[in-house]
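Quick caveat, the model's predicted, so the values are computed rather than measured. Basis for what follows: all heavy atoms, side chains included, without hydrogens, waters or symmetry-related copies.
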Amino acid sequence: MDDRFELPRVVTVPVARRLDISRGRVRSEIRRGNWRPICRGAVLTRPERITRADLAAVGIWLGGPTSALSGWDALRTVALGDRQPPASPVLVLSSDRDNRAVEGLVVRRTGRAYARSVTGPDTEPYSLTPVVHIARAVCDAALAYQTFNPVRALVTSAVQRRRCTPDQLSDEYRAGPRAESLFLRLAIDDVLDGARSIAEAVAARKLTRPGIPPFELNIEFVDPSGVLLRSPDIYWRELRAVLEVDSRTYHRDDAAQWHATMARHNYLARHGFAVTHYPPAVINAPSDAWLWEVADWLRRRARELRVPLPAGQGPRRGGSPVVIK
């Protein structure tokens with residue numbers, strides 16, 4: 001009986017012994033073109049292309065009992081990261097095996113502690129695979145990118161989707177290597193400042209300039225009992241001024257979201273806050289015209305409230321919630 005497609009995709013030496021597959025059988029299947037060698041001691045039991053998931057399975061075997069998948073492949077187990085992998089190889093960490101490299105795969109020995117968990121049986125194509133904590137995977141994956149934007153997108157999406165916290169990312173960064181980590185540090189700074197999206201992070205960096213006072217990102221607005229009411233994107237506390245980053249495409253595709261945005265605007269206005277809106281397309285554009293508009297709007301707001309324009313610039317961290325009565 002032809003059992004090629006009843007066997008596991010990847011067969012390693014221990015699996016071959018358990019399934020009573022002889023070395024002669026392996027050599028014969030490879031010679032006939034039915035199987036493909038991956039590395040010494042591991043074969044693909046299909047006449048197909050070797051995938052990253054296949055390499056991950058080999059890496060877990062090579063890495064031993066402490067091994068765990070990290071980087072882009074670990075992120076894909078929770079649907080984070082670009083759909084297309086970076087040019088870097090599959091990364092498997094191990095605390096007790098030596099470094100090992102196979103084409104498309106790196107097993108890296110590390111002295112840094114890492115948490116590991118096993119994916120579920122339905123997490124295809126990485127089912128029942130030990131993986132590191134998402135914060136570690138994000139930091140390992142970020143080091144493979146050569147430009148800032150994909151790193152910022154990765155970090156902000158991980159936080160926005162609550163796969164990890166800014167503090168967890170910061171802890172991993174401080175414990176990790178410094179080589180080629182500039183983009184990761186900048187992206188983590190963005191989420192520590194409070195940014196929860198790429199557009200907010202870009203806005204925060206552009207708003208950090210002379211003439212625009214300090215601001216807070218995603219500060220909580222609560223009622224007197226502490227119940228969360230709102231969380232505006234950018235807030236100038238002394239001026240009671242709010243800037244919201246709103247996507248026209250997002251609202252066009254979802255009328256309910258548009259109505260929610262309008263309701264939020266009206267709610268803040270009724271409680272004495274000045275509110276303005278800018279779409280990501282304007283924030284990301286090369287022109288700085290919107291920044292001059294914001295600076296003028298804030299100066300006028302200060303005159304309206306008869307308060308001085310706050311000194312300083314850039315994001316503030318650790319602000320207390322704003323209580324709305």
Colleague: Nearest 0.5 Å, what's the OH-CZ distance between Tyr267 and Arg270?
Modeller: 7.5 Å
Colleague: Can Leu305 be reached from Ile234 by stepping across I, L, V, M, F, W or Y side chains whose heavy atoms are under 4.5 Å apart?
Modeller: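 Same cluster: Ile234 reaches Leu305 through Ile, Leu, Val, Met, Phe, Trp or Tyr contacts under 4.5 Å.
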Colleague: Taking all atoms of both residues into account, what is the closest heavy-atom pair of Thr77 and Val131, and its distance?
Modeller: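 Result for this residue pair: CG2-CG1, 4.3 Å.
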Colleague: Checking Cys139 against Leu169 for the side-chain contact (heavy atoms from CB on, under 4.5 Å) test, could you report, in this order, the C-alpha distance in whole Å, the side-chain angles of both residues, the deciding distance, and whether it holds?
Modeller: CA-CA 7 Å; Cys139 291; Leu169 289 168; 4.2 Å; yes
Colleague: Could you tell me how the ring of Phe221 sits relative to the ring of Tyr235: parallel (under 30°), tilted (30 to 60°) or perpendicular (over 60°)?
Modeller: perpendicular
Colleague: Please check if Val13 and Val11 belong to a single hydrophobic cluster, counting links between Ile, Leu, Val, Met, Phe, Trp and Tyr side chain heavy atoms closer than 4.5 Å.
Modeller: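 Looking at the clustering, Val11 is in a separate group from Val13.
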Colleague: A quick test of your reading: do over 12 heavy atoms of other residues, nucleotides or ligands sit less than 6.0 Å from CD of Glu180?
Modeller: no
Colleague: Could you check whether Ser170 and Asp167, counting side-chain N and O atoms only, form a donor-acceptor pair closer than 3.5 Å?
Modeller: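 Looking only at side-chain atoms, Ser170 and Asp167 do not form any donor-acceptor pair under 3.5 Å.
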Colleague: Minimum heavy-atom separation for Gly194 and Asn218, please, with both atom names.
Modeller: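 It is O-ND2, 2.6 Å.
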Colleague: Check the angle between the aromatic planes of Trp236 and Trp297 and answer parallel, tilted or perpendicular using the 30° and 60° thresholds.
Modeller: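 The arrangement is perpendicular - the two ring planes meet at more than 60°.
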Colleague: Within a 6.0 Å radius of atom CZ on Arg49, are there more than 12 heavy atoms belonging to other residues, nucleotides or ligands?
Modeller: no
Colleague: Given the rule in the side-chain contact (heavy atoms from CB on, under 4.5 Å) test, do Gln168 and His133 qualify, once you have shown the distances and angles that lead to the verdict?
Modeller: CA-CA 10 Å; Gln168 287 171 329; His133 187 274; 3.6 Å; yes
Colleague: Which atom pair, heavy atoms only, marks the closest approach of Ile134 to Ala74?
Modeller: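 Heavy atoms of Ile134 and Ala74 come nearest at CD1-O, 4.3 Å.
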Colleague: Please enumerate all residues that pass side-chain hydrogen bond (donor to acceptor under 3.5 Å, both in side chains) together with Glu220, with sequence neighbours excluded.
Modeller: none
Colleague: Would you say Trp35 and Pro47 make side-chain contact, with heavy atoms under 4.5 Å?
Modeller: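 They are not in side-chain contact.
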Colleague: Verify, without hydrogens or angle tests, whether Asp223 (side chain) and Ser225 (backbone) share a donor-acceptor contact under 3.5 angstrom.
Modeller: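 It does hold such a pair.
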Colleague: Donor-acceptor check, side chain of Tyr145 to backbone of Pro86, threshold 3.5 angstrom: yes or no?
Modeller: no
Colleague: Is there a continuous path of hydrophobic side-chain contacts, each under 4.5 Å between heavy atoms, that joins Ile50 to Val107?
Modeller: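 Hydrophobic grouping puts Ile50 with Val107.
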Colleague: Is any side-chain N of the basic residue among Arg46 and Asp54 closer than 4.0 Å to the acidic one's carboxylate O?
Modeller: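 No.
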Colleague: For residues 117-130, which residue pairs pass the side chain to side chain donor-acceptor pair (under 3.5 Å) check, not counting sequence neighbours?
Modeller: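 Residue pairs passing side chain to side chain donor-acceptor pair (under 3.5 Å), neighbours aside: Asp73-Tyr126.
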Colleague: Going through the distances and angles, do Ser94 and Thr66 end up as a side-chain contact (heavy atoms from CB on, under 4.5 Å)?
Modeller: CA-CA 6 Å; Ser94 175; Thr66 65; 3.4 Å; yes
Colleague: Under 6.0 Å from the six-membered ring centre of Trp61 and within 45° of its axis: does the NZ or CZ of Arg40 meet both?
Modeller: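 That pair does not qualify as a cation-pi contact.
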Colleague: Kindly indicate whether the side chain of Pro89, heavy atoms from C-beta on, has any atom under 4.5 Å from the side chain of Leu105.
Modeller: no
Colleague: Can we say Glu103 and Arg36 salt-bridge, meaning some charged N sits less than 4.0 Å from an Asp/Glu carboxylate O?
Modeller: no
Colleague: Counting only heavy atoms not in Arg317, do more than 12 sit closer than 6.0 Å to its CZ atom?
Modeller: yes
Colleague: Quick one: CZ on Phe183 to CG on Asn149, what's the gap to the nearest 0.5 Å?
Modeller: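 Separation between the atoms: 9.0 Å.
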Colleague: Between atom CZ of Arg185 and atom CG of Asp190, what is the distance when rounded to the nearest 0.5 Å?
Modeller: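 That separation rounds to 10.5 Å.
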Colleague: Crowded around Arg196 CZ? As in, over 12 foreign heavy atoms under 6.0 Å?
Modeller: yes
Colleague: Counting N and O atoms only, with roles assigned by atom type, does the side chain of Ser157 sit under 3.5 Å from a partner on the main chain of Ala153, one being a donor and the other an acceptor?
Modeller: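 Flag set: sc Ser157 to bb Ala153 pair under 3.5 Å.
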Colleague: Heavy-atom distance under 4.5 Å between the side chains of Gln160 and Glu200, does that happen here?
Modeller: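 SC-SC contact between Gln160 and Glu200 ruled out.
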Colleague: What distance do Ile219 atom CD1 and Arg230 atom CZ have between them, rounded to the nearest 0.5 Å?
Modeller: 16.0 Å
Colleague: Are any of the side-chain heavy atoms of Thr51 and Pro125 separated by less than 4.5 Å?
Modeller: no
Colleague: For the backbone of Gly81 and the side chain of Arg76, can you confirm whether one donor and one acceptor N or O come within less than 3.5 Å of each other?
Modeller: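 Looks like yes, one N/O pair under 3.5 Å.
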Colleague: Under 4.5 Å between side-chain heavy atoms, counting indirect links through other Ile/Leu/Val/Met/Phe/Trp/Tyr residues: same cluster for Leu243 and Ile198 or not?
Modeller: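 Per the 4.5 Å side-chain linkage, Leu243 and Ile198 are co-clustered.
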Colleague: So does Leu239 get a backbone contact from the side chain of Arg301, meaning a donor-acceptor N/O pair under 3.5 Å?
Modeller: yes
Colleague: Okay, side chain of Lys206, backbone of Leu291: is any donor-acceptor separation there less than 3.5 Å?
Modeller: no
Colleague: Compare every heavy atom of Ala141 with every heavy atom of Leu75, then report the nearest pair and how far apart it is.
Modeller: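 Result for this residue pair: CD1-CB, 3.7 Å.
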Colleague: Would you indicate whether the side-chain heavy atoms of Arg52 and Pro85 approach each other to under 4.5 Å?
Modeller: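 When only atoms from C-beta onward are counted, Arg52 and Pro85 do touch, with a gap below 4.5 Å.
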Colleague: When clusters are formed by joining ILVMFWY residues with side-chain heavy atoms under 4.5 Å apart, either directly or through shared neighbours, do Leu192 and Leu217 land in the same one?
Modeller: no
Colleague: Given 3.5 Å as the limit, does a donor-acceptor pair link the side chain of Arg136 with the main chain of Arg116, or not?
Modeller: no
Colleague: Under 3.5 Å, side chain of Thr45 to main-chain N/O of Arg9, donor-acceptor pair present?
Modeller: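 Confirmed, Thr45 side chain pairs with Arg9 backbone.
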Colleague: Please name the residue in the list Val275, Leu229, Asp246 that meets the side-chain contact (heavy atoms from CB on, under 4.5 Å) test with Arg264.
Modeller: Asp246
Colleague: Can you name the closest pair of heavy atoms from Ala56 and Val92 and give their distance?
Modeller: O-CG2, 4.3 Å
Colleague: Between Thr110 (side chain only) and Arg112 (backbone N and O only), is there a donor and an acceptor less than 3.5 Å apart?
Modeller: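 Flag set: sc Thr110 to bb Arg112 pair under 3.5 Å.
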Colleague: CG/Leu184 to CZ/Arg178 distance, rounded to the nearest 0.5 angstrom?
Modeller: 9.0 Å
Colleague: More than 12 heavy atoms of other residues, nucleotides or ligands under 6.0 Å from CG of Asp20: is that the case?
Modeller: no
Colleague: Are the side chains of Tyr173 and Ser181 in contact, using a 4.5 Å heavy-atom criterion?
Modeller: yes
Colleague: So, do Ser67 and Leu62 sit near enough that their side-chain heavy atoms are less than 4.5 Å apart?
Modeller: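 Ser67 vs Leu62: side chains apart.
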Colleague: Closest approach of Pro65 and Arg97, non-hydrogen atoms and distance?
Modeller: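 Answer, listing the atom of Pro65 first, then Arg97: CD-NH2, 3.7 Å.
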Colleague: Mind checking side-chain hydrogen bond (donor to acceptor under 3.5 Å, both in side chains) for Asp233 and listing every partner two or more places apart, or none if nothing turns up?
Modeller: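 Not a single residue meets the side-chain hydrogen bond (donor to acceptor under 3.5 Å, both in side chains) criterion with Asp233.
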Colleague: Working to the nearest 0.5 angstrom, can you tell me the gap between Asp193 CG and Ile188 CD1?
Modeller: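 The CG atom of Asp193 sits 12.0 Å away from the CD1 atom of Ile188.
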Colleague: Can any side-chain N or O of Arg161 pair as donor or acceptor with the backbone N or O of Val159 at less than 3.5 Å?
Modeller: no
Colleague: Taking it one step at a time, do Ile21 and Leu7 satisfy side-chain contact (heavy atoms from CB on, under 4.5 Å)?
Modeller: CA-CA 10 Å; Ile21 299 174; Leu7 291 170; 4.1 Å; yes
Colleague: May I ask you to say whether Arg25 pairs ionically with Glu29, meaning some side-chain N is under 4.0 Å from a carboxylate O?
Modeller: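 Yes, charged N to carboxylate O under 4.0 Å.
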